[in-house]
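Below is one structure, written out as structure tokens; comments come after it.
In what follows, every heavy atom counts, from backbone to side chain, and hydrogens, waters and symmetry copies are set aside. Here the structure is a predicted model, which is why all the values come from computation and not from measurement. Every chain is numbered from 1, with letters handed out A, B, ... down the list of sequences.
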Amino acid sequence: MSDIQDTTDRAPAGAGPAPRGTTTSRRRFLKDAAGVAGGAGLLALGAGLYAKQASALPATAIRPPGALAEADFLAACVRCGLCVRDCPYDTLKLARLGDGVATGTPYFEARDIPCEMCEDIPCVVACPTGALDRSLTDIGEARMGLAVLIDQETCLNFLGLRCDVCYRVCPVIDKAITLERVHNPRSDRHAMLLPTVHSDHCTGCGKCEKSCVLPGESAIKVLPAKLAQGSRAEHYRRGWEEKDAAGGSLIGEQVELPVRGLEGKAFGDTRVGPGEGPGSAPVPSSAPAGLDSGWKP
Amino acid sequence: MSTPAVNTSTTTGSLPPNSIRGAARRGVLARPGLEAIENKGWLRAHKWLLLRRASQLGILALFLLGPWFGWWVVKGNLASSLTLGVLPLTDPFLIVQQLATGQWPYREALIGGGIVLAFYLLLGGRLFCSWVCPVNLVTDAAAWLRRRLGLKGGKAPAAKTRYWLLGFVLVIAAATGSLAWEWVNPVSMFHRGLIFGFGLSWGIVGGIFFYDLLIAPRGWCGHLCPQGAFYGLIGRTAVLRVSANRRSACNDCMDCFAVCPEPQVIRPALKGVGQDHPLILDGDCTTCGRCIDVCGKDVFRISTRFDRSES
Ligand code: SF4
Ligand code: SF4
Ligand code: SF4
Ligand code: SF4
């Protein structure tokens, strides 16, 4: 760095009482130095702006388990690929220029090869820089993204079939993903078992997305949490949670009227069990708008 | 073919010494080193070049054994690697950038960076450039072609630009909180590309080749590359140095100036400008040893910074 200091150190001296000849040459020297510095600065600025602009991560690119928050990750990851090398399933790859992911950083695409949730998390162990955080020791705690059943129009279970594949392959089955049984209004005598992801257990491994049987695009996709989740409205108190926390109703016991056809079920539980179900009277066309859009899968 | 060539070198050799720099800059010598081949034989006149290529390609091969043949001697790339599962090596240039962003890396990276730093501090920072960096193959090829095609002119930015760029790279890392230079760094892109796949990075490598060939002679490595500048700074105190210890035998043929990637470093040692000893102490010297090869009078040799002897 001494060269740089030299030029800056000499700058004030040049303005001092120097003979005329050297002043001109110093002035030229300063002008040259300014030009050099300006050029280098512009080059670096260009790189910086490009980096900022190119740092947006496509929604389908998922970081390895334990990755720091994206901004910190881009400061820590030196793009060495050691995590890639130690992934036994070739899940991870280093982004190449043109892939749309910060060049050289590791990522995977779940529909391509998902993360197998190795118990010993070798990718995290391999990372020398801390871009993958070693405080992650239980792969179940990983949050690479969040699965979202993104297309209810093509998901076979939403059509009333029993595909269930995404549910069955989930390494955190019955916690990260459950099948929620609801009445099938189309046939009116069957149930639909809707794959439902729960953010407190889903690791974002992408096995569900990988194994969705639809040709081409999957109906369930792992997305970055930022895209997959709304922000919780903290000012809404959830009555049932408050009630649990307080160990009883805060406003005294309420009379809960049974719903016809759903007697014996918890209040608000509209799922249909075997042998249950309301009378099959169709929704009258005079029903208030917005109650039932009449949408049929 | 060799007779007219010797003539060329003798005619140019009779130029007055004060035109050396200008002549070298203009690149009047299309084929430097012919006299050396004549005197020492082809092999000895290419000794350091061959060793250097062996080192560059050998290191690359070590990295490629894994992905190509499944024999994992070295994992990773020049940014950070693990050899035989025990030896971590990390590029200190990256660690410095990382620290500028405010990130503190894990111990492995720090140890690895320390080992690499110690190696280059001791032996010569820009050994990295001439013995390890894959981009050197590209820029050497461009310089060679430029000489052979007799391309003249072009304008390189000032050689100090790289130090400014190095400074700004760190400033930008701090300002954006990310390793911004790594988005465009051709050095890491090229090495990573060879090992992990290129994508469009070929474009950047090709850009450097044509920049050096057509626009700026020795433009990238000699004037712009902040990574080279970083290693140049490290090399200020290095022990291994080139010495012009038989400089009295110099016949001003200027072959050394024509092949040197940093010709400005030779003059003080060879011509005694601003110093009396024959050591090339400038940190910009990459210790590539090409001057030793091409000198028909055996003026240069590799020595240490403590050896000021002359013969
Ligand atoms: S947890 Fe296993 S499968 Fe998943 S990315 Fe890491 S090494 Fe690969
Ligand atoms: S091992 Fe760490 S530093 Fe290296 S590429 Fe993977 S995340 Fe980045
Ligand atoms: S991504 Fe899918 S398979 Fe993986 S944990 Fe979440 S729901 Fe289960
Ligand atoms: S100057 Fe830069 S590109 Fe050239 S050899 Fe050195 S590190 Fe590599």
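A/Gly104 and B/Arg192 make their closest contact through CA-NE, 3.4 Å (heavy atoms, listed as atom of the first residue, atom of the second, distance). The two residues B/Trp183 and A/Thr103 come nearest to each other via the heavy atoms O-OG1, 4.0 Å. What you find for B/Phe196 and A/Arg96 is that their closest heavy atoms are O-CD, 4.3 Å. Closest heavy-atom contact between B/Gln103 and A/Asp72: NE2-CB, 3.5 Å.
Rounding to the nearest 0.5 Å gives a distance of 9.0 Å between CD of B/Gln98 and SG of A/Cys77.
Scanning residues 84-94 of chain A against chain B with a 4.5 Å non-hydrogen threshold yields A/Val84, A/Arg85, A/Asp86, A/Leu94, sorted by number. Residues of residues 82-89 of chain B lying within less than 4.5 angstrom of chain A, judged on heavy atoms, are B/Leu82 in numerical order. Of all residues spanning residues 119-130 of chain A, those with a heavy atom less than 4.5 Å away from chain B's heavy atoms are A/Cys127, A/Pro128, A/Thr129, A/Gly130, arranged by number.
Both the backbone and the side chain of A/Ala76 come within less than 4.5 Å of a heavy atom in chain B. For B/Trp72, the part lying under 4.5 angstrom from a heavy atom of chain A is the side chain only.
Of the residues B/Pro105, B/Ser80, B/Ser188, the one that meets the side-chain contact (heavy atoms from CB on, under 4.5 Å) test with A/Val78 is B/Ser80.
Contact count against chain A (heavy-atom pairs under 4.5 Å) is highest for B/Asn77 among B/Leu94, B/Thr161, B/Asn77. Residue with the most contacts toward chain A among B/Leu200, B/Ile172, B/Leu224, B/Ile204: B/Leu200 (heavy-atom pairs, distance under 4.5 Å).
In A/Glu217, the CD atom is not crowded: 12 or fewer heavy atoms of neighbouring residues, nucleotides or ligands sit closer than 6.0 Å.
Residues that satisfy the side-chain contact (heavy atoms from CB on, under 4.5 Å) test with A/Leu214, not counting sequence neighbours, are A/Thr154, A/Leu156, A/Cys212, A/Ala219.
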